[in-house]
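Remember, predicted model here, so these are calculated numbers, not experimental data. Below, chain A is the first sequence line, B the second, and so on; all start at residue 1.
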2 protein chains.
Amino acid sequence: MMSSDNFKLELFNQFARIGKALGNAYRLEIIEFLAQGERNVEELATLSGLSIANTSQHLQQLKQTGLVTATKKGQYVYYQLSNPKVIDLFAILRDVAEQTLAEVNKLVDTFLTVKDDLEPIPAKELLERARQGLVTVLDVRPPEEFNAGHLPQAINIPLKNLENIYHTLPKDKEIIAYCRGPYCILAYQAVAQLRDQGFSAYRLENGFPEWKQAGLPIE
Amino acid sequence: MMSSDNFKLELFNQFARIGKALGNAYRLEIIEFLAQGERNVEELATLSGLSIANTSQHLQQLKQTGLVTATKKGQYVYYQLSNPKVIDLFAILRDVAEQTLAEVNKLVDTFLTVKDDLEPIPAKELLERARQGLVTVLDVRPPEEFNAGHLPQAINIPLKNLENIYHTLPKDKEIIAYCRGPYCILAYQAVAQLRDQGFSAYRLENGFPEWKQAGLPIE
DNA sequence: CAAATATTCAATAGAATTATTGAATAATAA
DNA sequence: TTATTATTCAATAATTCTATTGAATATTTG
């Protein structure tokens, strides 16, 4: 019979497995990608810039700790987050990092120079204003992520297309841009470009996964 | 100027530092001890069974990731959690582990055989019943953790003293025992012993730190 | 049936992590 | 001032982690 000290150590070793799984930048990035919707190995490798073998290795680790699940479709293996709480876990990990690691703030201050987040108006108010056509909600993620789920009334203009399309946007409406998460550069760059063109543009602080996890409506 | 890919990788490397810090069973245990109140190196070494040098090494890592802070008092260095959100982070990490790692449930089912948690009666109701003297709230942590903070109306009987003291407890009142966290064995063992002696005893599901983080009153 | 494609596995090398041991440092007590 | 105590540092060895490379496996296409 296992002693209570051994039991506790074994149990905490299991908890530590989750910590280890999150202890690598690429695996965190994969989690962020999967938070937008399921992806296959090749897509994840391309998105992250890793080799396919290395991507598969990281996915095996995430799978073995139960953070992701896999589904075979033909010869493609699609990966999903196993549980929406993984989004909450990553969100609070980022939050803690933001508050405890000076380097996070230094990086953000240096690189993400478009400062003002959207004033934290209630999500319900944003939804109502969007419904009334008073603001443009702009999703700058790739189309397949938009298709997997997005904010109600959102339009999808991936950042790389923005330069060619912004002139079709009404200038008399505020634009609220959002992306994969709170540190997604695409939303920052979109807001910067739009402001350069005279638009009144802001960034939603969180991304689509956090919005969804908050129980807010999605399409 | 840092490219946006580099920026993202650097930022996620910072997030990964938090994951790595949590990727070791002993550091998680230290976090759980510090969640009850500040401790010095020697105390933490004794509680965890690690050498003082090794304990200090783990503490340096936790300090460098900002999860703990240190305060010198005479020749003693006292460590604290830097931020109560670290308790939330550990709680959700456990929660995710519970849902994704079969081994967690296997360990718990095998070792913690006293099954019924307290029915999830609202904390407010528990508090009111304690105030009216209808239940006994029993804190089985060591006295220094009890002194650092505890549930209102709680009495402190460390598990090792319970055998000699339980006869002083009123048998006509339910006993609600709590400890350091949801998997703390001391509360399980207390409940088992009390039931053996004919008491109507249950375990509070969470520990003192989670109670506190929920904004519930403490003494 | 063979070729192509997607993915995983296995082996390897280098880097990172962890525990141990002894030395060094800082603060207090005698 | 010296001895004691508490803690940290540094070096080392063992273990674990990560990326790479090539092979193996599974599925689809021609």
Q: For nucleotides 11-22 of chain D, just jot down a letter per nucleotide in 5' to 3' order: B, S or -, based on protein non-hydrogen atoms under 4.0 Å.
A: B-----SSBBB-
Q: Any chance you could list the contact pattern along nucleotides 24-30 of chain C? Use B for base contacts, S for sugar-phosphate-only contacts and - for none, protein heavy atoms under 4.0 Å, 5' to 3'.
A: --SBS--
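A search for salt bridge (Lys or Arg N to Asp or Glu O under 4.0 Å) contacts involving B:Glu144 returns B:Arg39, not counting sequence neighbours. Annotation: salt bridge (Lys or Arg N to Asp or Glu O under 4.0 Å) contacts of A:Lys8 (sequence neighbours excluded): B:Glu29, B:Glu32. B:Glu103 meets the salt bridge (Lys or Arg N to Asp or Glu O under 4.0 Å) test with B:Lys106; sequence neighbours excluded. The ring-ring contact (aromatic ring centres under 6.0 Å, His included) check on A:Tyr183 picks up B:Phe15, with sequence neighbours excluded. In terms of the ring-ring contact (aromatic ring centres under 6.0 Å, His included) criterion, residue partners of A:Phe7 (sequence neighbours excluded) are, by chain and number, B:Phe111. Take A:Lys72 and apply the side chain to side chain donor-acceptor pair (under 3.5 Å) test, not counting sequence neighbours, and it matches no residue. Listed by chain and residue number, A:Lys85 satisfy the salt bridge (Lys or Arg N to Asp or Glu O under 4.0 Å) test with B:Asp95 (two or more places apart in sequence, or in another chain).
A donor atom on one side chain and an acceptor atom on the other are found under 3.5 Å apart for B:Thr71 and B:Gln80.
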Return all side-chain donor-acceptor pairs below 3.5 angstrom for residues 19-28 of chain B, not counting sequence neighbours, or 'none' if the list is empty.
{"unit_1": "B:Asn24", "atom_1": "OD1", "unit_2": "B:Tyr26", "atom_2": "N", "d": "2.9"}
{"unit_1": "B:Asn24", "atom_1": "OD1", "unit_2": "B:Arg27", "atom_2": "N", "d": "3.1"}
{"unit_1": "B:Arg27", "atom_1": "NE", "unit_2": "B:Ala21", "atom_2": "O", "d": "2.8"}
{"unit_1": "B:Arg27", "atom_1": "NH1", "unit_2": "B:His58", "atom_2": "ND1", "d": "3.0"}
{"unit_1": "B:Arg27", "atom_1": "NH2", "unit_2": "B:Lys20", "atom_2": "O", "d": "3.0"}

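The NZ-P distance, from B:Lys63 to D:dT7, rounds to 13 Å in whole Å. Computed from coordinates, the A:Tyr78 OH to D:dT27 C1' distance equals 14 Å when rounded to whole Å. Note: CG (B:Leu59) to C1' (D:dT7) measures 10 Å, nearest angstrom. In this structure, the CD1 atom of B:Ile30 is 13 Å from the C1' atom of C:dA19, given to the nearest Å. Note: CD (B:Gln60) to C1' (C:dT18) measures 15 Å, nearest angstrom. The distance between atom CD of A:Glu42 and atom C1' of D:dT27, rounded to the nearest whole Å, is 14 Å.
Applying the ring-ring contact (aromatic ring centres under 6.0 Å, His included) test to pairs two or more places apart or on separate chains, those with a residue in residues 74-95 of chain B are A:Phe12-B:Phe90.
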Q: Go through the steps to decide whether B:Arg180 and B:Glu210 satisfy the test salt bridge (charged side-chain N to carboxylate O under 4.0 Å, His left out), and finish with yes or no.
A: CA-CA 9 Å; B:Arg180 290 177 173 135; B:Glu210 293 78 27; over 6 Å; no
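Comparing the helix axis at one end of the helix from C:dC1-D:dG30 to C:dA30-D:dT1 with that at the other, each defined from 5 consecutive pairs, gives an inter-axis angle of 10° (nearest 10°).
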